[in-house]
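Beneath this line is the structure, given in C-alpha cells, with notes to follow.
One-based numbering, in listed order, for ligands and for the atoms of each.
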Amino acid sequence: MGKNTFTLTDNRDGKSFEYDIISGTRGPDVVDIRSFYKDSGMFTYDPGYTSTASCDSKITFIDGENSELRHRGYLIQDLAGKHSYLDVCYLLMRGRLPNEEESKGFDLEIRHRSFLHEAVIRIFDAMPDHAHPMATLGAATMSLATIYKDHLNLDDEDSFKEMRRRIIAKMPTMAAMAYRNSLGIPMIYPDVDRYFTENFLYMMRAYPGGKMKSLGNGLSEEIKQVEVDALDAIFTLHADHEQNASTTTVRAVGSTEAHPYVSIASGIAALWGSAHGGANEKVMDQLKLIGDVKNVPTYIAKAKDRNDPFRLMGFGHRVYKNRDPRAESLRGLQKKLKDELNLDSKLLDIAQAVEEAALADDYFKDRGLYPNIDFYSGVILTALKIPVEMFTPIFVIGRTVGWITQWSELKQDPTAKIARPRQLYTGK
Ligand code: ACO
C-alpha cells in the first residue's frame with residue numbers, strides 16, 4: 001500500500017502534484033486539492049459540483065447508492081413518525097435527542113417564539129392579491145433582518161441558540177400568513193396552546209377569532225391527530241439533506257457575513273425552483289395534466305424524448321441513484337393514510353401507474369431515476385387540505401432547521417472561507 005496521497009500528473013510536461021487523501025467517518029474519501037492552483041497555476045473544472053465536496057460537516061450523511069439518509073447518525077426511518085419533528089430539530093442542532101424535560105422546554109419555547117413583530121405582518125399587506133406564498137415568504141423572512149439587527153456574537157452560544165430557535169418558530173406563522181394574504185383573508189395569530197405542527201394547521205384553517213370551520217353536516221375541519229402526525233412526519237422527512245442546492249446557497253451567502261435570516265431567505269429562493277423543492281408543486285400539476293392512467297405511456301415517452309423539454313417531475317436525484325429513503329417513507333405513509341384521510345384515489349392510481357411504467361423502463365433504469373421525496377408528498381398534503389401553492393412553503397418549514405444548523409456549522413468552522421469559485425473563461 002502506498003501513502004495516503006493522490007498524484008495528478010500534467011502529461012504535457014510530466015510535472016506531478018501530490019495531494020492528501022482525507023477520510024471522513026462515512027462516505028467516499030476526498031482529495032484535498034486546496035493548494036492545486038498555487039501549485040500548478042490551473043483550476044479544477046466541475047460545473048454543478050458533481051465531484052466537489054464544498055465543506056466538511058457532522059450533521060447529515062447520505063449514501064445514495066444504498067438509499068441511506070442519516071441525521072447525526074440516526075437513520076431517517078428511525079426518526080420520521082417515531083420522534084416529534086421538534087425533537088428532530090433539537091437532534092440536528094444539538095447533536096443528540098432531547099430528554100423528556102428538554103423536549104418539553106424546547107416545545108414551549110418554540111410556541112412562544114412563534115409570534116411575528118407587527119412590522120413583518122404589515123409586509124404582507126404590501127403584496128398583491130394572489131402573490132405566490134413562496135415570494136411573500138422570502139420577503140417576510142428577509143424582513144426579519146430589519147428587526148433582529150444585533151450582530152451575532154460568534155462566541156456566545158446563547159446568541160446562536162436564540163437566533164436558530166426564533167427562525168424555526170416563526171417560519172410556520174409566516175408561511176400561513178403568506179397564504180392567507182394571497183387569498184385576502186384575515187390573519188390568524190399563533191395559539192400557544194398548540195404544538196408546532198398543529199399550530200400551523202390551525203393558522204391555515206381557522207376563522208377569525210380562532211373558530212374552526214364547521215361543515216354543517218356533522219363533519220368539521222377540526223384538526224385530527226392523524227393529520228398532525230402525518231404532517232409532523234413530512235416536516236421531519238424534509239428537515240435536512242446535506243449540501244443540496246438551497247443549503248449550498250445558504251452557506252454561500254452566510255460565508256459573506258450576511259445576516260443569518262438573509263441567508264435563510266436566499267435558501268427559500270433557491271428551493272423554489274422546479275429542479276429542487278418547487279418540484280412538489282409541479283408533480284401535482286403533472287398528475288392532473290396526465291389526467292388518466294391510460295395517458296401515462298404518452299407522458300413517459302415525452303420524458304424520454306431528448307427533443308422534448310418535458311421531464312417527469314418528482315423523478316431523479318443528484319445523489320440517490322437508487323430509491324430515495326424519504327420517498328419510501330412517504331409511500332408507506334400514503335398507504336397508511338389512504339382510507340383514514342380519504343386520499344384522492346384517482347391521483348394515487350395515476351401516480352402508481354407513472355411509477356410502475358418508469359421503474360420498468362430501461363431509460364429510467366439505466367440513469368438510476370427513481371421517485372424522489374417530491375413525488376409522494378402532494379397527494380398526502382392535498383388530503384390535509386393544503387393547497388398546491390403551499391407545497392413548497394411546507395418544504396421550507398421543514399428545511400429551515402437544516403439551513404440554520406448548516407449555517408451555524410459554517411460560522412463555527414475556523415477554516416471556513418468566503419464561497420468564491422473560479423471559472424474557465426471562453427469569452428472575447
Ligand atoms: N425525467 C426524465 N429524464 C430525466 C429526469 C426526469 N425527471 N431527471 C433526469 N433525467 C435524465 C436527464 O435527461 C439525463 O439524461 P442523459 O444522460 O441522457 O442526458 C440524465 O437523466 C441525468 O440527468 P441530470 O439532469 O444530468 O441529473 P442531475 O443530477 O444534474 O439532476 C435533478 C437531478 C435536477 C433532480 C433531475 O433529475 C430533475 O430535473 N428531476 C426532475 C425535478 C425534480 O423532481 N426535482 C426534485 C429533486 S429532489 C429535491 O430537490 C427535493
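Closest to atom 10 (N) of ligand 1 by heavy atom, among Asp324, Leu369, Asp366, Asn280, is Leu369. Across His238, Met313, Lys321, heavy-atom proximity to atom 42 (C) of ligand 1 is greatest for Met313. Of the candidates Arg326, His317, Arg306, His241, Arg306 brings a heavy atom nearest to atom 16 (P) of ligand 1.
Shown in contact with Asp374 at under 4.0 Å from a heavy atom are these atoms of ligand 1, numbered in order with element: 46 (C), 48 (S), 49 (C), 51 (C). Near Ala303, the atoms of ligand 1 lying under 4.0 angstrom from a non-hydrogen atom of the residue are 2 (C). Per-residue contacts place Phe395 under 4.0 angstrom from the following atoms of ligand 1 (heavy atoms of the residue considered): 51 (C). For ligand 1 and Gly314, the ligand atoms under 4.0 Å from any heavy atom of the residue are 43 (C), 44 (O). Taking every non-hydrogen atom of Ala279 and a distance limit under 4.0 Å, the qualifying atoms of ligand 1 come out as 43 (C), 44 (O), 45 (N), 46 (C).
For atom 24 (P) of ligand 1, the nearest non-hydrogen atom of the protein is Arg311 NH2, 4.1 Å. In this structure, atom 45 (N) of ligand 1 lies nearest to the protein heavy atom Ala275 O, 3.0 Å. For atom 41 (C) of ligand 1, the nearest non-hydrogen atom of the protein is Phe315 O, 3.4 Å. With respect to atom 20 (C) of ligand 1, the closest heavy atom belonging to the protein is Arg367 CD, 3.7 Å.
For ligand 1, the polar-atom distance check finds an N/O of His276 within less than 3.5 Å of one of the ligand's N/O atoms. Considering backbone and side-chain atoms together, Phe364 places no N or O closer than 3.5 Å to any N or O of ligand 1.
Counting heavy atoms under 4.0 Å from ligand 1, residue Leu312 touches it through both backbone and side chain.
Checking atom 30 (O) of ligand 1 against the protein gives a heavy-atom contact under 4.0 Å.
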